[in-house]
Amino acid sequence: MERICKASFPLRHDNSRERIIAALPAGSRFQPLMTIYLTNATSPQDIKAARDSGFIVGAKLYPAGATTHSDAGVTSIERIFPALAAMEEYGLVFQVHGEVTDPDVDVFDRESVFIDRVLARVAERFPKLKIVFEHVTTREAVQFVTSSRAGVGATITPQHLLLNRNAMFQGGIRPHLYCLPILKRERDRRALIEAATGDDPRFFLGTDSAPHARHTKEHACGCAGIFSAHAAIELYAEAFELAGRLDRLQAFAAERGADFYGLPRNTDRIRLDRTPWTPPAVYRFDQDELVPFRAGEQIAWRLSDSAS
């Protein structure tokens with residue numbers, strides 16, 4: 001199961017991990033693994049300090065302006081070449097939000113253009129750098145990973161396995177289905193299904209779940225992100241069942257990611273029952289509301305209270 005969390009920056013001021021641990025119920029064995037947010041100013045010394053912390057496993061690239069909360073992201077990949085060299089040396093994983101931000105590039109093509117302009121160059125220039133192309137959305141991204149050198153992998157979200165871009169406009173604009181990278185064509189969804197349910201160990205679970213208050217989504221300039229954490233594994237189970245490959249869910253969800261990161265597999269077990277249920281229309285979110293993925297709609301699988 002996914003257990004990697006995004007941390008703020010700079011590293012010396014971050015207390016995200018301590019806050020997570022303080023919020024855990026008594027007796028919990030959960031240990032959060034953290035990542036740092038790359039900026040133009042991230043230095044090789046920052047990378048070494050992250051590695052030396054013992055609980056930071058990667059560093060995340062957000063191209064500046066590519067998605068929600070990315071304003072402090074990287075403006076040019078060359079600006080972080082020294083940091084990438086240090087990540088290659090110290091074994092931190094390069095976690096990539098893979099989109100260009102050039103306004104002349106169609107929003108549905110920004111991932112494939114990023115591969116050509118940025119990611120292919122990085123993979124070649126740093127041949128020992130582990131790269132996770134996070135929340136891939138296109139057939140081109142699947143082809144890039146499958147044809148790449150060892151050490152290049154990708155995560156896939158439940159929404160990109162279950163939906164194509166038509167879903168955003170069914171019955172009107174659906175702001176709670178707006179995420180970045182944006183939902184793509186049906187041919188892309190099918191390519192993602194084949195990758196997720198196939199035997200290539202370089203594709204594994206990554207929800208990209210994003211909790212945004214309802215009013216920030218239902219807005220003239222609404223923010224990007226889909227909240228799926230309430231039912232992520234159930235939604236993946238549904239996608240795998242529809243593909244006729246439910247037997248591949250365990251590898252995708254619980255084995256491949258840990259193996260790629262060089263971490264021990266989780267020995268705890270969960271149980272999923274084929275019992276339909278309906279998430280609420282909203283969850284309370286501090287003083288606001290949060291609309292979950294599949295709100296008010298049926299989900300085919302349910303997480304059991306008992307493990308098998």
Side-chain angles (χ1 to χ4, degrees), residues 1-6 33 35 37-38 57-63 65-70 73-74 93-101 107-115 118-119 122-123 130-146 148 152-165 167-168 176-185 187-198 200 202-212 217 223-233 235-236 239-240 252-253 256-257 260-261 292-294:
M1 299 295 292
E2 191 176 53
R3 51 180 174 162
I4 296 176
C5 307
K6 301 299 186 297
L33 301 173
T35 72
Y37 182 131
L38 291 167
V57 297
K60 180 69 179 275
L61 169 68
Y62 292 101
T67 188
T68 307
H69 302 316
S70 65
V74 174
V93 176
F94 184 40
Q95 303 155 325
V96 179
H97 179 108
E99 293 187 285
V100 298
T101 57
V107 67
F108 294 103
D109 297 327
R110 290 179 181 175
E111 184 175 276
S112 56
V113 172
F114 179 88
I115 294 169
V118 180
L119 198 55
V122 169
K130 273 195 169 183
I131 299 171
V132 175
F133 196 173
E134 295 197 333
H135 43 64
V136 294
T137 65
T138 60
R139 182 173 61 180
E140 290 79 7
V142 170
Q143 291 170 343
F144 172 77
V145 173
T146 56
S148 287
V152 177
T155 61
I156 306 176
T157 76
Q159 64 263 25
H160 289 105
L161 290 176
L162 291 166
L163 304 175
N164 63 35
R165 63 188 185 181
M168 292 186 293
H176 296 286
L177 295 182
Y178 170 54
C179 59
L180 289 172
I182 201 165
L183 297 172
K184 299 298 196 303
R185 303 163 180 83
R187 72 180 191 197
D188 298 303
R189 189 192 71 82
R190 291 181 180 274
L192 297 175
I193 286 286
E194 290 179 10
T197 64
D200 192 327
R202 293 177 293 179
F203 295 97
F204 43 92
L205 182 152
T207 65
D208 197 35
S209 183
H212 294 299
K217 296 287 293 179
C223 64
I226 293 175
F227 180 72
S228 62
H230 66 297
I233 194 64
L235 292 163
Y236 282 116
F240 275 64
F252 176 82
R256 297 175 184 172
F260 187 92
Y261 274 86
F293 186 31
R294 202 70 77 77

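Since we're looking at a predicted model, the values are computed, not measured.
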Go through the steps for L161 and R189 under the test side chain to side chain contact (heavy atoms under 4.5 Å, CB included), then give the verdict.
CA-CA 6 Å; L161 290 176; R189 189 192 71 82; 5.7 Å; no
Minimum heavy-atom distance P63-F114, with the two atoms named
CG-CE1, 4.2 Å
Gap between atom CD1 of I226 and atom OG of S209 - 0.5 Å precision:
9.5 Å
Between atom CD of E134 and atom CG of D208, what is the distance when rounded to the nearest 0.5 Å?
7.5 Å
Would you check if K130 and F94 make a side-chain contact, meaning some heavy-atom pair closer than 4.5 Å?
no
List in chain and number order the residues that pass ring pair (Phe, Tyr, Trp, His ring centres under 6.0 Å) with Y236, two or more places apart in sequence or in another chain; answer none if no residue qualifies.
F252
Could you tell me which non-hydrogen atom of I193 sits nearest to which non-hydrogen atom of T197, and how far apart they are?
O-OG1, 2.7 Å
Pair T138, K184 - check side chain to side chain donor-acceptor pair (under 3.5 Å), show working.
CA-CA 7 Å; T138 60; K184 299 298 196 303; over 6 Å; no
T35 side chain to K60 side chain, donor-acceptor N/O pair below 3.5 angstrom
no
Do D188 and N164 have side chains that approach each other closer than 4.5 Å (heavy atoms only, starting at C-beta)?
no
Taking everything shown except R202 itself, do over 12 heavy atoms lie less than 6.0 Å from its CZ?
yes
Evaluate the criterion side chain to side chain contact (heavy atoms under 4.5 Å, CB included) for residue pair V93 and I131; output intermediate values, then yes/no.
CA-CA 6 Å; V93 176; I131 299 171; over 6 Å; no
State, yes or no, whether a side-chain contact exists between C223 and K217 at a heavy-atom distance under 4.5 Å.
yes
Is the shortest side-chain heavy-atom distance between H160 and C179 below 4.5 Å?
yes
Determine whether V132 and V96 make a side-chain contact, defined as any pair of heavy atoms from C-beta on separated by less than 4.5 Å.
no
Grab the two heavy atoms, one from Y37 and one from S70, that are nearest each other, plus how far apart they are.
OH-CA, 3.3 Å
Step-by-step side chain to side chain contact (heavy atoms under 4.5 Å, CB included) determination, F133 to E111
CA-CA 10 Å; F133 196 173; E111 184 175 276; 3.8 Å; yes
How long is the span from the OG1 atom in T146 to the CD atom in E194, to the nearest 0.5 Å?
11.0 Å
In the structure I gave you, are the side-chain heavy atoms of Y62 and L38 within less than 4.5 Å of one another anywhere?
no
Between V142 and A191, which heavy-atom pair has the shortest distance, and what is it?
CG2-O, 3.9 Å
Can you sort out the partners of R165 under salt bridge (Lys or Arg N to Asp or Glu O under 4.0 Å), two or more places apart, ordered by chain and number?
none
Restricting to ring pair (Phe, Tyr, Trp, His ring centres under 6.0 Å), what partner residues turn up for H135, sequence neighbours left out?
H97
Taking the six-membered ring for Trp and the single ring otherwise, decide whether the centroids of F227 and F293 are under 6.0 Å apart.
no
With a 4.5 Å heavy-atom cut-off, do L205 and T155 have their side chains touching?
no
Audit row: L162, R294, side chain to side chain contact (heavy atoms under 4.5 Å, CB included) steps and yes/no
CA-CA 11 Å; L162 291 166; R294 202 70 77 77; 3.7 Å; yes
Do the rings of F204 and Y261 sit parallel, tilted or perpendicular, given the 30° and 60° boundaries?
perpendicular
In short, H212 meets A224 closest at the heavy-atom pair NE2-O, 3.0 Å
Closest approach of G65 to T101 (non-hydrogen atoms, all atoms of both residues)
C-CG2, 3.9 Å
Hey, what do you get for OG1 (T137) to CG (L183), rounding to the nearest 0.5 Å?
8.5 Å
Taking the side chain as every heavy atom from C-beta outward, state whether M168 and I182 have any pair of such atoms under 4.5 Å apart.
yes
